[in-house]
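Down below is the structure, laid out as structure tokens.
Computed from a prediction, not measured in an experiment: that's the story for all the values here. For this chain, numbers begin at 1 and follow the sequence in order.
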Amino acid sequence: MDYIKAFCVGGFICVIGQILIDKTKLTSARILVLFVVSGCILGGLGWYQKLVEFAGAGASVPLLGFGNNLARGVMSEVDKAGFMGILTGGLKAAAGGITAAIVSAFVMACVFDPKEK
């Protein structure tokens with residue numbers, strides 16, 4: 001049942017993205033930023049965590065989950081370090097994901113020999 005919940009919630013997030021691509025003039029980059037900011041807002045309000053508890057990876061893996069992770073990191077770091085937590089909390093919380101993205105991009109660039117357009 002967990003897989004079905006994850007699939008449905010993750011699929012619904014993808015459907016929203018596809019609708020935005022098809023029905024609006026927003027670029028892909030703006031839609032990605034919209035998803036991250038929406039995740040930050042929903043995470044800051046405490047609403048997105050309930051969705052993560054329900055759907056697991058279906059809610060935590062998409063970009064909304066990344067925004068939620070940033071918001072949770074900032075909130076916990078502000079409690080520990082005060083005002084400086086606003087600047088450091090998001091990076092501390094998302095460091096693993098950011099590092100994985102950079103390393104895998106580097107490896108793919110070495111393997112596939114990218115070219116400029």
Side-chain angles (χ1 to χ4, degrees):
M1 192 64 182
D2 290 338
Y3 294 122
I4 294 171
K5 289 183 205 175
F7 178 78
C8 289
V9 171
F12 182 70
I13 292 170
C14 291
V15 166
I16 292 171
Q18 191 64 49
I19 290 170
L20 289 172
I21 289 170
D22 292 342
K23 301 294 182 185
T24 67
K25 293 183 180 185
L26 292 173
T27 63
S28 298
R30 290 184 184 198
I31 293 170
L32 295 176
V33 170
L34 177 69
F35 276 2
V36 173
V37 171
S38 298
C40 282
I41 292 169
L42 293 172
L45 295 172
W47 298 346
Y48 201 77
Q49 190 59 36
K50 293 175 183 153
L51 186 62
V52 170
E53 291 168 5
F54 172 76
S60 64
V61 171
L63 283 170
L64 288 165
F66 180 71
N68 176 50
N69 192 23
L70 290 173
R72 286 185 325 142
V74 168
M75 290 187 298
S76 68
E77 196 66 21
V78 165
D79 292 339
K80 294 177 190 172
F83 182 77
M84 285 302 290
I86 296 171
L87 303 174
T88 61
L91 290 176
K92 284 184 181 180
I98 293 169
T99 302
I102 291 171
V103 168
S104 56
F106 175 74
V107 169
M108 292 300 119
C110 291
V111 169
F112 291 107
D113 190 32
K115 296 176 179 48
E116 289 186 38
K117 289 185 177 184

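In the hydrophobic cluster analysis, where Ile, Leu, Val, Met, Phe, Trp and Tyr join through side-chain heavy atoms closer than 4.5 angstrom, I31 is grouped together with F66. Residues V61 and L51 do not share a hydrophobic cluster, clusters being chains of Ile/Leu/Val/Met/Phe/Trp/Tyr side chains in contact below 4.5 Å. Note: the hydrophobic cluster containing M108 does not contain I102 (ILVMFWY, side chain heavy atoms under 4.5 Å, direct or indirect links). Both L26 and V36 belong to a common hydrophobic cluster when Ile, Leu, Val, Met, Phe, Trp and Tyr are linked at side-chain heavy-atom distances under 4.5 angstrom. Tracing side-chain contacts under 4.5 Å through hydrophobic residues (I, L, V, M, F, W, Y), one reaches W47 starting from F12; they form part of the same cluster.
Contacts of I13 classified as side-chain contact (heavy atoms from CB on, under 4.5 Å), with partners at least two apart in sequence or in another chain: V9, F35, Y48, P62, L64. In terms of the salt bridge (charged side-chain N to carboxylate O under 4.0 Å, His left out) criterion, residue partners of K92 (sequence neighbours excluded) are, by chain and number, E77. Legend: residues meeting salt bridge (charged side-chain N to carboxylate O under 4.0 Å, His left out) with D113, ordered by chain and number and at least two apart, are K115. Shown here are the side-chain contact (heavy atoms from CB on, under 4.5 Å) partners of S28, two or more places apart in sequence or in another chain: there are none. Residues passing the side-chain contact (heavy atoms from CB on, under 4.5 Å) test with I41, sequence neighbours excluded: V37, L45.
Residue A55 comes nearest to K5 through the heavy atom pair CB-O, 4.0 Å, listed as atom of the first residue, atom of the second, then distance. The nearest pair of heavy atoms linking S76 to G73 is OG-O, 3.1 Å. Contact detail for G67 and C40: the closest heavy-atom pair is O-SG, 3.3 Å. Here the closest non-hydrogen pair linking P114 and A109 is CD-O, 3.1 Å. Scanning all heavy atoms of the two residues, the minimum distance from N68 to G43 falls at OD1-CA, 3.1 Å.
Here F54 contributes atom CZ and D2 contributes atom CG; the two are 9.5 Å apart, rounded to the nearest 0.5 Å. We find the CD1-CG distance between I98 and N69 to be 9.0 Å, quoted to the nearest 0.5 Å. Rounding to the nearest 0.5 Å gives a distance of 10.5 Å between CG of L20 and CG of L32.
Listed by first and then second residue, the side-chain hydrogen bond (donor to acceptor under 3.5 Å, both in side chains) pairs involving residues 55-67 amount to none (not counting sequence neighbours).
For T24 (side chain) and I21 (main-chain N/O), no donor-acceptor pair under 3.5 Å exists by modelled atom type.
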